[in-house]
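Remember, it's a predicted structure, so these values are computed and weren't measured experimentally.
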Amino acid sequence: MSKTYIADKDTLDAVNGKIGTKDDAPSPNPISLFAGIKQLLKGLSDHMATWTGDRAAKVDCLDTTVGSRAPANTALSTAQWTNARAGYLDKLNNSSYGLEAIKNAVDKKDIGSAIGIISKELNKETTFSGTGKGILFIYGQTNGVVNIDGKDIGTPAYLANSNNVHINYSIEFSKSFLLNIENKDSYTMTCLAVAVFY
(Lines give C-alpha, C1' and ligand atoms only; values in the text may rest on other atoms or scores of the structure.)
Protein backbone atom coordinates (compact mmCIF):
# COMPACT_ATOMS: atom_id res chain seq x y z
CA MET A 1 0.00 0.00 0.00
CA SER A 2 1.45 3.34 -0.99
CA LYS A 3 1.86 6.29 1.40
CA THR A 4 -0.29 9.30 0.99
CA TYR A 5 1.43 12.55 1.95
CA ILE A 6 -0.69 15.41 3.15
CA ALA A 7 2.24 17.68 2.33
CA ASP A 8 5.16 17.27 0.03
CA LYS A 9 8.16 15.30 1.38
CA ASP A 10 10.51 18.29 1.45
CA THR A 11 8.12 20.16 3.73
CA LEU A 12 7.72 17.17 6.04
CA ASP A 13 11.50 16.69 6.24
CA ALA A 14 11.93 20.34 7.21
CA VAL A 15 9.27 20.00 9.94
CA ASN A 16 10.91 16.78 11.16
CA GLY A 17 14.26 18.65 11.43
CA LYS A 18 12.63 21.38 13.53
CA ILE A 19 11.20 18.79 15.95
CA GLY A 20 14.46 16.86 16.22
CA THR A 21 15.00 13.57 18.07
CA LYS A 22 15.52 12.34 21.64
CA ASP A 23 19.27 12.28 20.96
CA ASP A 24 19.52 16.07 20.45
CA ALA A 25 21.79 17.72 23.07
CA PRO A 26 20.23 20.34 25.37
CA SER A 27 21.03 23.87 24.28
CA PRO A 28 20.13 27.36 25.53
CA ASN A 29 19.85 28.32 21.85
CA PRO A 30 18.11 25.23 20.48
CA ILE A 31 17.70 24.51 16.80
CA SER A 32 15.17 21.76 17.49
CA LEU A 33 12.17 21.34 19.77
CA PHE A 34 13.79 18.38 21.54
CA ALA A 35 16.99 20.38 22.26
CA GLY A 36 14.91 23.18 23.82
CA ILE A 37 12.79 20.84 25.93
CA LYS A 38 15.89 18.98 27.16
CA GLN A 39 17.47 22.32 28.12
CA LEU A 40 14.40 23.19 30.21
CA LEU A 41 14.47 19.78 31.90
CA LYS A 42 18.19 20.17 32.65
CA GLY A 43 17.64 23.59 34.23
CA LEU A 44 14.80 22.24 36.38
CA SER A 45 16.94 19.29 37.46
CA ASP A 46 19.89 21.52 38.38
CA HIS A 47 17.60 23.80 40.37
CA MET A 48 16.00 20.93 42.28
CA ALA A 49 19.45 19.61 43.21
CA THR A 50 20.18 22.84 45.11
CA TRP A 51 16.68 23.28 46.51
CA THR A 52 17.14 21.10 49.58
CA GLY A 53 14.71 20.57 52.42
CA ASP A 54 16.90 22.61 54.77
CA ARG A 55 16.91 25.51 52.34
CA ALA A 56 13.16 25.34 51.88
CA ALA A 57 12.67 25.36 55.67
CA LYS A 58 14.50 28.70 55.84
CA VAL A 59 11.86 30.19 53.55
CA ASP A 60 9.19 28.97 55.98
CA CYS A 61 10.91 31.01 58.69
CA LEU A 62 10.09 34.16 56.75
CA ASP A 63 6.40 33.52 57.36
CA THR A 64 6.25 35.61 60.55
CA THR A 65 6.10 39.25 61.56
CA VAL A 66 9.21 41.35 61.15
CA GLY A 67 8.80 42.67 64.69
CA SER A 68 9.45 39.21 66.10
CA ARG A 69 12.99 39.13 64.70
CA ALA A 70 14.47 41.41 67.38
CA PRO A 71 12.70 43.18 70.22
CA ALA A 72 12.46 46.89 69.64
CA ASN A 73 14.41 47.63 72.82
CA THR A 74 17.41 45.62 71.57
CA ALA A 75 17.30 46.46 67.87
CA LEU A 76 19.83 48.99 66.58
CA SER A 77 17.93 52.03 65.42
CA THR A 78 18.69 55.60 64.52
CA ALA A 79 18.08 56.45 68.17
CA GLN A 80 21.26 54.55 69.07
CA TRP A 81 23.13 54.66 65.75
CA THR A 82 23.49 58.42 65.40
CA ASN A 83 25.64 60.31 62.91
CA ALA A 84 27.88 61.44 65.77
CA ARG A 85 28.43 57.85 66.91
CA ALA A 86 29.19 56.73 63.38
CA GLY A 87 31.69 59.58 63.15
CA TYR A 88 33.68 58.05 66.01
CA LEU A 89 34.40 55.05 63.80
CA ASP A 90 35.68 57.36 61.08
CA LYS A 91 38.05 58.90 63.61
CA LEU A 92 39.45 55.48 64.48
CA ASN A 93 40.14 54.90 60.80
CA ASN A 94 41.73 58.32 60.24
CA SER A 95 45.23 58.06 58.76
CA SER A 96 46.45 61.16 60.59
CA TYR A 97 45.33 60.47 64.15
CA GLY A 98 43.50 57.12 64.08
CA LEU A 99 44.58 53.73 65.39
CA GLU A 100 46.81 53.06 62.38
CA ALA A 101 48.59 56.39 62.85
CA ILE A 102 49.20 55.61 66.52
CA LYS A 103 50.51 52.15 65.64
CA ASN A 104 52.90 53.62 63.06
CA ALA A 105 54.14 56.20 65.56
CA VAL A 106 54.84 53.54 68.17
CA ASP A 107 56.56 51.34 65.56
CA LYS A 108 58.93 54.19 64.70
CA LYS A 109 59.86 55.00 68.31
CA ASP A 110 60.77 53.01 71.35
CA ILE A 111 58.28 53.20 74.20
CA GLY A 112 60.61 55.41 76.22
CA SER A 113 60.58 58.08 73.56
CA ALA A 114 56.84 57.74 73.06
CA ILE A 115 55.98 58.47 76.69
CA GLY A 116 58.92 60.80 77.37
CA ILE A 117 61.54 59.17 79.56
CA ILE A 118 64.87 60.75 80.50
CA SER A 119 67.39 59.25 82.85
CA LYS A 120 70.78 60.08 84.32
CA GLU A 121 73.36 58.24 86.36
CA LEU A 122 74.25 60.48 89.27
CA ASN A 123 77.81 60.26 90.53
CA LYS A 124 79.42 62.59 93.02
CA GLU A 125 78.21 66.18 92.66
CA THR A 126 75.80 66.69 89.78
CA THR A 127 72.43 68.17 88.81
CA PHE A 128 69.47 66.54 87.10
CA SER A 129 66.46 68.61 86.05
CA GLY A 130 63.50 68.75 83.67
CA THR A 131 60.28 70.60 82.91
CA GLY A 132 56.81 69.26 82.28
CA LYS A 133 54.47 66.91 84.16
CA GLY A 134 55.42 63.46 85.34
CA ILE A 135 57.08 61.35 88.04
CA LEU A 136 60.68 61.38 89.25
CA PHE A 137 62.17 58.02 90.32
CA ILE A 138 65.45 57.71 92.20
CA TYR A 139 67.22 54.37 92.70
CA GLY A 140 70.48 53.83 94.55
CA GLN A 141 72.56 55.73 97.10
CA THR A 142 72.79 59.49 97.34
CA ASN A 143 72.74 62.63 99.43
CA GLY A 144 70.71 65.27 97.63
CA VAL A 145 68.24 68.13 97.65
CA VAL A 146 65.03 67.83 95.63
CA ASN A 147 63.12 70.80 94.23
CA ILE A 148 59.61 70.06 92.92
CA ASP A 149 57.61 72.64 90.93
CA GLY A 150 59.92 75.41 92.15
CA LYS A 151 59.66 74.43 95.80
CA ASP A 152 62.67 73.08 97.65
CA ILE A 153 61.61 70.04 99.67
CA GLY A 154 65.03 69.72 101.32
CA THR A 155 66.91 66.50 101.91
CA PRO A 156 64.35 63.94 103.06
CA ALA A 157 65.54 61.15 105.28
CA TYR A 158 64.93 58.62 102.52
CA LEU A 159 67.40 60.48 100.29
CA ALA A 160 70.12 60.99 102.88
CA ASN A 161 72.07 57.75 102.87
CA SER A 162 75.19 57.39 104.96
CA ASN A 163 74.88 53.67 105.64
CA ASN A 164 75.35 52.45 102.07
CA VAL A 165 71.75 51.22 101.94
CA HIS A 166 69.93 51.20 98.59
CA ILE A 167 66.88 53.43 98.35
CA ASN A 168 63.86 53.67 96.06
CA TYR A 169 62.06 56.98 95.91
CA SER A 170 59.41 58.54 93.66
CA ILE A 171 57.59 61.86 93.63
CA GLU A 172 55.18 63.51 91.18
CA PHE A 173 55.81 66.92 89.64
CA SER A 174 53.43 69.18 87.71
CA LYS A 175 55.80 71.72 86.20
CA SER A 176 59.43 70.87 86.90
CA PHE A 177 61.91 68.97 89.01
CA LEU A 178 65.49 69.63 90.10
CA LEU A 179 67.80 67.21 91.88
CA ASN A 180 71.11 68.46 93.30
CA ILE A 181 73.49 65.73 94.42
CA GLU A 182 76.18 66.38 96.99
CA ASN A 183 78.81 63.77 97.75
CA LYS A 184 79.62 64.38 101.38
CA ASP A 185 81.43 61.11 102.02
CA SER A 186 84.94 60.04 101.24
CA TYR A 187 83.70 57.35 98.86
CA THR A 188 81.64 57.79 95.71
CA MET A 189 77.91 57.21 95.93
CA THR A 190 76.00 56.53 92.75
CA CYS A 191 72.30 56.44 91.95
CA LEU A 192 70.05 56.44 88.90
CA ALA A 193 67.37 59.08 88.44
CA VAL A 194 64.58 58.58 85.90
CA ALA A 195 61.89 61.10 84.98
CA VAL A 196 58.77 59.91 83.17
CA PHE A 197 56.71 62.64 81.47
CA TYR A 198 53.04 62.24 80.56
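- The CD1 atom of I19 sits 8.0 Å away from atom CZ of F34, with the distance rounded to the nearest 0.5 Å.
- Here N147 contributes atom CG and S176 contributes atom OG; the two are 6.5 Å apart, rounded to the nearest 0.5 Å.
- L136 and L178 are members of different hydrophobic clusters when ILVMFWY side chains are connected at heavy-atom separations under 4.5 Å.
- Taking every heavy atom of both residues into account, Y198 and I135 meet most closely at CE2-CG1, 3.9 Å.
- Between T127 and L179, the closest side-chain pair of non-hydrogen atoms is not below 4.5 Å.
- Of all the heavy atoms in F137 and V196, the pair that sits closest is CE1-CG2, 3.9 Å.
- I31 CD1: 12 or fewer foreign heavy atoms inside a 6.0 Å radius.
- Considering every non-hydrogen atom in both D24 and K38, the closest pair reads O-NZ, 2.8 Å.
- Following chains of ILVMFWY side-chain contacts shorter than 4.5 Å, one cannot reach L40 starting from M48, and the two form parts of different hydrophobic clusters.
- Residues S32 and G20 share a closest heavy-atom pair of CB-CA, 3.8 Å.
- Classification of the F197-F173 ring pair by plane angle, with boundaries at 30° and 60°, yields perpendicular.
- Applying the side chain to side chain donor-acceptor pair (under 3.5 Å) test to residues at least two apart or on different chains, the pairs with a partner in residues 39-59 are K42-D46.
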